[in-house]
There are 2 protein chains.
Amino acid sequence: MRIGELAEAAGTTTKTLRFYEDQGLLPPAERTPAGYRAYTPEAVTRLDFVHRGQAAGLTLAQIKQILDIRDHGQAPCGHVRDLLDARLADIDRQITDLLALRVNVAALRDAAADPEPDTCSADEVCRYL
Amino acid sequence: MRIGELAEAAGTTTKTLRFYEDQGLLPPAERTPAGYRAYTPEAVTRLDFVHRGQAAGLTLAQIKQILDIRDHGQAPCGHVRDLLDARLADIDRQITDLLALRVNVAALRDAAADPEPDTCSADEVCRYL
DNA sequence: CTTGACCTTCCCCTTCACTGGAAGGTCCAG
DNA sequence: CTGGACCTTCCAGTGAAGGGGAAGGTCAAG
């Protein structure tokens, strides 16, 4: 299949596929005599994996690490587990941060919802922030 | 005060201060005869406001909007309230998304924590992602 | 008089994941 | 044989918030 067909099958764009090849997420594609990239259906599977990794919040670099291990003939599950552990810790940290931020922003918003014209003057920076 | 002193007083760097001036967050500074920027203590207040805005998760562009309104002699509180409302909705959306993501990632991690060697082979993409 | 700390402008670099566009080659239908 | 759809490479830019460093001016102390 050509790059346009793969893009449609995988739900992405040709630009992105060339970018992925450039970044090492896809192996350099076989070429037709005319120089067109020719893909096997495996590529769709690989791209699905990439998309699942992205949906889990992994970066392309992390997904590439997993694929590199797999491409070297090893089972990447241990590494996947480690990455997911780290990702989980990261998500927990983000949630904690956002909950704390939410409290602060909600308090500021509530204060700003009932402004006292005298203190909320243009002469000074708005006191609600 | 010179730019280095202001940077120290505001807990930032001279690079950042010139960047802020460039972005319109700080008005173009007065200059000494030698061309050095000369600031009044007001600048510290303004930078504190910028930092509080950042701590609330506002972008520099949003903070600039508030400051522009204030600099035009109007009270920015109404706009601040609108920005904080939007920010709050955004935080809630992020938290919701992260909680959903957490469930998925935790499930993947738990699956990967107990791999079955036969199915977690190098011949196929790791089934835990 | 020189040294060192500070200041100036200028331009490029960073991360992340793409996206746009130009200039040119290939392939198939009409 | 021409038009349009597809493909190729390469270069450049996006957005956020600065950071790095060069080349040169200024100022106070020793």
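In what follows, chains carry the letters A, B, and so on, assigned in the order in which the sequence lines appear, proteins first and then strands, with residues in each chain numbered from 1.
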Do B:Glu8 side-chain atoms and B:Glu5 backbone N/O form a donor-acceptor pair below 3.5 Å? no
Starting from the 5' end of DNA chain D, give me the residue, A:Arg37 or B:Pro33, whose nearest nucleotide shows up first. A:Arg37
When rounded to whole Å, the CG to C1' distance for the pair B:Leu17 and C:dT9 reads 16 Å
Taking DNA chain C as the partner, which of residues 86-94 of chain A come within under 4.0 angstrom of it by heavy atom? none
How many whole angstroms separate atom CG of B:Leu6 from atom P of C:dC6? 15 Å
List in chain and number order the residues that pass side-chain contact (heavy atoms from CB on, under 4.5 Å) with A:Ala34, two or more places apart in sequence or in another chain; answer none if no residue qualifies. A:Thr32, A:Tyr36
Here the distance between atom P of C:dC6 and atom OH of B:Tyr39, to the nearest Å, is 16 Å
What is the separation between atom CZ on B:Arg31 and atom P on D:dG25, rounded to the nearest whole Å? 16 Å
Check whether any side-chain N or O of A:Gln23 sits under 4.0 Å from OP1 or OP2 of C:dT15, and answer yes or no. no
Residue pairs passing the salt bridge (charged side-chain N to carboxylate O under 4.0 Å, His left out) test where at least one lies in residues 58-68 of chain B, sequence neighbours excluded: B:Lys64-B:Asp68
Protein proximity profile, nucleotides 19-26 of chain C - base contact B, sugar-phosphate-only contact S, no contact -, cut-off 4.0 Å on heavy atoms: SBB---BB
Could you pull out all residues at least two apart from A:Thr16 that satisfy side-chain hydrogen bond (donor to acceptor under 3.5 Å, both in side chains)? A:Thr13
Got a sec, which residues hit side-chain contact (heavy atoms from CB on, under 4.5 Å) with A:Val103, two or more places apart in sequence or on another chain? none
Within this structure, what is the CD-to-P distance between A:Glu5 and D:dC6, rounded to whole angstrom? 10 Å
Integer-rounded Å distance: C:dA5 P and B:Glu8 CD: 15 Å
Using the side-chain contact (heavy atoms from CB on, under 4.5 Å) criterion, which residues pair with A:Asn104? Sequence neighbours excluded. none
Let me check the geometry of the helix from C:dC1-D:dG30 to C:dG30-D:dC1. What is the bend angle between the axes at its two ends, five pairs each, to 10°? 30°
Distance in Å, B:Leu60 CG paired with B:Tyr20 OH, rounded so as to fall on 0.5 Å steps: 5.0 Å
Listed by chain and number, what are the side-chain hydrogen bond (donor to acceptor under 3.5 Å, both in side chains) partners of B:Arg37, not counting sequence neighbours? B:Glu21
Across the strands shown, which category fits A:Arg18 at heavy-atom distances under 4.0 angstrom: base, sugar-phosphate, nothing? base
May I have the distance from A:Leu25 (atom CG) to C:dC18 (atom P), rounded to whole angstrom? 9 Å
For A:Gln62, answer base if it contacts any base atom (sugar-phosphate contacts may also be present), sugar-phosphate if it contacts only those atoms, and nothing otherwise; contact means non-hydrogen atoms under 4.0 Å. nothing
Among residues at least two apart in sequence or on other chains, which ones pass side-chain contact (heavy atoms from CB on, under 4.5 Å) with A:Glu42? A:Thr40
Calculate the interatomic distance between A:Gln54 atom CD and C:dA17 atom C1'; express it in whole Å. 8 Å
Between A:Asp71 and A:Arg46, is the closest basic N to carboxylate O distance under 4.0 Å? yes
Give A:Thr32 one of three labels, base, sugar-phosphate or nothing, depending on what nucleic acid heavy atoms sit under 4.0 Å from its own. nothing
Could you give the distance from CG (B:Leu25) to CG (B:Leu67), rounded to the nearest 0.5 Å? 6.5 Å
Pairs touching residues 86-101 of chain B that satisfy salt bridge (charged side-chain N to carboxylate O under 4.0 Å, His left out), sequence neighbours left out: A:Arg102-B:Asp92, B:Arg87-B:Asp90, B:Asp90-B:Arg93, B:Arg93-B:Asp97
Should B:Arg2 be listed as having a side-chain N or O under 4.0 Å from OP1 or OP2 of C:dC6? no
